[in-house]
**Q** 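What follows is a structure written as structure tokens; I'll ask about it next.
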Amino acid sequence: MSFKVSLVWVSLLLGLGMLVHGTYAQNSPQDFVDAHNAARAQDGVGPISWDDTVAAYAQNYLNKTISDCSLTHSGGQYGENLYWGPGSRWTAVDAVNLWVAEKSNYDYATNTCATGKDCGHYTQVVWRNSVRLGCARVECNNGDTFITCNYDPAGNVDGERPY
């Protein structure tokens with residue numbers, strides 16, 4: 001099996017009206033789970049639950065990247081979505097909203113992304129077989145925010161639909 005991986009490059013999110021900044025949101029495990037499950041429910045996908053082992057993997061990875069905040073995938077056994085935002089105000093909800101916003105780029109009938117567009121972060125969020133979630137958030141040494149969510153088992157399996 002091969003897994004589709006892609007990076008999210010976010011330069012300025014302030015002007016994107018489709019993203020709602022989670023003013024009241026925090027960054028607890030429940031905030032991550034709730035944001036994922038809201039998206040999954042919209043597509044008729046069962047809920048995902050928090051897993052401390054997967055979360056520890058995510059946190060260990062971010063601890064290694066805190067010096068440069070580099071959007072580089074960990075290359076581990078889990079599915080993975082990455083998020084970067086300038087400054088320290090970005091939350092769990094912001095990251096998940098960005099990934100889910102890719103839904104408009106996904107064509108279920110052909111199981112493909114629109115030409116030149118990303119949709120793999122969205123499909124990982126709603127991947128029906130991914131049932132365990134672990135996420136982490138750090139403020140990098142430069143003051144920016146780096147968030148990762150890891151999924152077990154990994155999604156985005158070539159030739160399979162997310163739901």
Side-chain angles (χ1 to χ4, degrees), residues 1-23 25 27 29 31-50 54-55 58 61-62 65 69-76 78-87 89-138 144-163:
M1 289 186 281
S2 66
F3 301 98
K4 178 180 178 185
V5 281
S6 59
L7 297 177
V8 173
W9 293 98
V10 179
S11 58
L12 293 174
L13 298 176
L14 298 175
L16 296 177
M18 69 176 97
L19 296 179
V20 177
H21 180 66
T23 305
N27 298 294
D31 292 316
F32 282 105
V33 168
D34 289 348
H36 277 80
N37 283 338
R40 292 167 70 92
Q42 287 182 348
D43 290 323
V45 178
I48 199 165
S49 62
W50 190 259
V54 180
Y61 176 65
L62 287 191
T65 65
C69 213
S70 174
L71 275 175
T72 304
H73 282 279
S74 67
Y78 300 116
E80 181 169 72
N81 281 342
L82 302 177
Y83 174 94
W84 170 85
R89 68 184 176 277
W90 308 104
T91 67
V93 171
D94 294 320
V96 178
N97 280 348
L98 179 71
W99 300 328
V100 172
E102 292 179 357
K103 181 177 183 173
S104 63
N105 301 333
Y106 178 66
D107 182 345
Y108 185 84
T110 62
N111 195 31
T112 60
C113 298
T115 303
K117 301 288 186 175
D118 288 327
C119 67
H121 305 97
Y122 159 71
T123 55
Q124 177 58 83
V125 168
V126 299
W127 198 264
R128 71 182 171 282
N129 293 335
S130 295
V131 294
R132 289 172 292 284
L133 174 70
C135 303
R137 178 191 179 278
V138 296
D144 292 342
T145 303
F146 193 13
I147 297 172
T148 184
C149 285
N150 292 95
Y151 305 85
D152 187 37
N156 290 337
V157 178
D158 284 342
E160 293 185 19
R161 285 184 168 77
Y163 47 88

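Note that the numbering runs from 1 along the sequence shown for the chain. Only heavy atoms go into these numbers, but all of them, side chains included; no hydrogens, no water, no symmetry mates.
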**Q** Looking only at non-hydrogen atoms, find the nearest pair between Ala154 and Gly79 and report the distance.
**A**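 Result for this residue pair: CB-N, 3.2 Å.
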**Q** So does Glu80 get a backbone contact from the side chain of Asn150, meaning a donor-acceptor N/O pair under 3.5 Å?
**A**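 No, Asn150 side chain to Glu80 backbone: no donor-acceptor pair under 3.5 Å.
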**Q** Give, for atom CG of Asp94 and atom CG of Asp31, the distance between the pair rounded to the nearest 0.5 Å.
**A**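 It is 11.0 Å, given to the nearest 0.5 Å.
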**Q** Walk me through whether Trp84 and Leu98 qualify under side chain to side chain contact (heavy atoms under 4.5 Å, CB included).
**A** CA-CA 10 Å; Trp84 170 85; Leu98 179 71; over 6 Å; no
**Q** Locate the shortest heavy-atom distance separating Thr91 from Ile147; write the atom from each residue and the value.
**A**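 The pair with the smallest heavy-atom distance is O-CD1, 3.5 Å.
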**Q** Do you know which two heavy atoms are closest between Cys119 and Tyr106, and how far apart they sit?
**A**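 In terms of heavy atoms, the two residues are closest at SG-CD1, 3.8 Å.
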**Q** Decide yes or no for Asn105 and Tyr122: does some side-chain heavy atom of the first lie under 4.5 Å from some side-chain heavy atom of the second?
**A**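 No; the side chains remain at least 4.5 Å from each other.
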**Q** Hey, could you give me the CZ/CH2 distance between Phe32 and Trp50, rounded to the nearest 0.5 Å?
**A**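 It comes to 6.0 Å.
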**Q** Roughly how far, to the nearest 0.5 Å, is the OH atom of Tyr108 from the OG1 atom of Thr123?
**A**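 Answer rounded to 0.5 Å: 12.0 Å.
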**Q** Name the orientation class of the two ring planes belonging to His36 and Tyr151 (parallel below 30°, tilted from 30 to 60°, perpendicular beyond 60°).
**A**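 Ring orientation of His36 relative to Tyr151: tilted.
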**Q** Any idea which heavy atoms bring Cys113 and Asp118 closest together, and the distance?
**A**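 Taking every non-hydrogen atom into account, SG-C, 4.1 Å.
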**Q** Hey, does the side chain of Asn111 reach the backbone of Glu160 with a donor-acceptor pair shorter than 3.5 angstrom?
**A**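 Side chain of Asn111 to backbone of Glu160: a pair is present.
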**Q** Output the distance between atom CH2 (Trp90) and atom OG1 (Thr145), rounded to the nearest 0.5 Å.
**A**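 Trp90 CH2 to Thr145 OG1: 8.0 Å, rounded to 0.5 Å.
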**Q** Working to the nearest 0.5 angstrom, can you tell me the gap between Asn81 CG and Trp99 CH2?
**A**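 Taking CG in Asn81 and CH2 in Trp99, the distance rounds to 5.0 Å.
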**Q** Does any N or O in the side chain of Ser49 come within less than 3.5 Å of the main-chain N or O of Arg132, such that one atom is a donor and the other an acceptor?
**A**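 No, the answer is negative, given that no donor and acceptor are paired below the 3.5 Å cut-off.
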**Q** I want to check something: taking the side chain as every heavy atom from C-beta on, are Phe146 and Leu82 in contact at a cut-off of under 4.5 Å?
**A**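 In short, these two side chains touch, coming nearer than 4.5 Å.
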**Q** Check Ala58 against Gly134 and note the closest heavy-atom contact, atom names and distance.
**A**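 Looking at all heavy atoms of both residues, the shortest contact is CB-O, 3.8 Å.
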**Q** Could you pull out the closest heavy-atom pair between Ala101 and Ser104, with the gap in Å?
**A**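 Nearest heavy atoms, Ala101 then Ser104: O-OG, 3.5 Å.
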**Q** Side chains of Thr65 and Leu62: closer than 4.5 Å at any heavy-atom pair?
**A**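 In short, these two side chains touch, coming nearer than 4.5 Å.
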**Q** With distance as the sole test, does Asn37 use its side chain to make a donor-acceptor pair with the main-chain N or O of Ile48 at under 3.5 Å?
**A**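 At least one qualifying donor-acceptor pair exists.
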**Q** Check each of His121, Gln124, Lys117 against Glu102 using the side chain to side chain donor-acceptor pair (under 3.5 Å) test, and report the only one that passes.
**A**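 Output: one option passes, namely His121.
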**Q** Going by salt bridge (charged side-chain N to carboxylate O under 4.0 Å, His left out), name the residues that satisfy it together with Arg40, two or more places apart in sequence or in a different chain.
**A**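 If we apply the salt bridge (charged side-chain N to carboxylate O under 4.0 Å, His left out) test to Arg40, skipping adjacent residues, there are no hits.
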**Q** Does the pair Thr112 and Asp107 meet the rule for a side chain to side chain donor-acceptor pair (under 3.5 Å), with working shown?
**A** CA-CA 5 Å; Thr112 60; Asp107 182 345; 5.0 Å; no
**Q** For Asp43, which residues count as a salt bridge (charged side-chain N to carboxylate O under 4.0 Å, His left out) partner, sequence neighbours excluded?
**A**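 Here the qualifying residues are Lys103.
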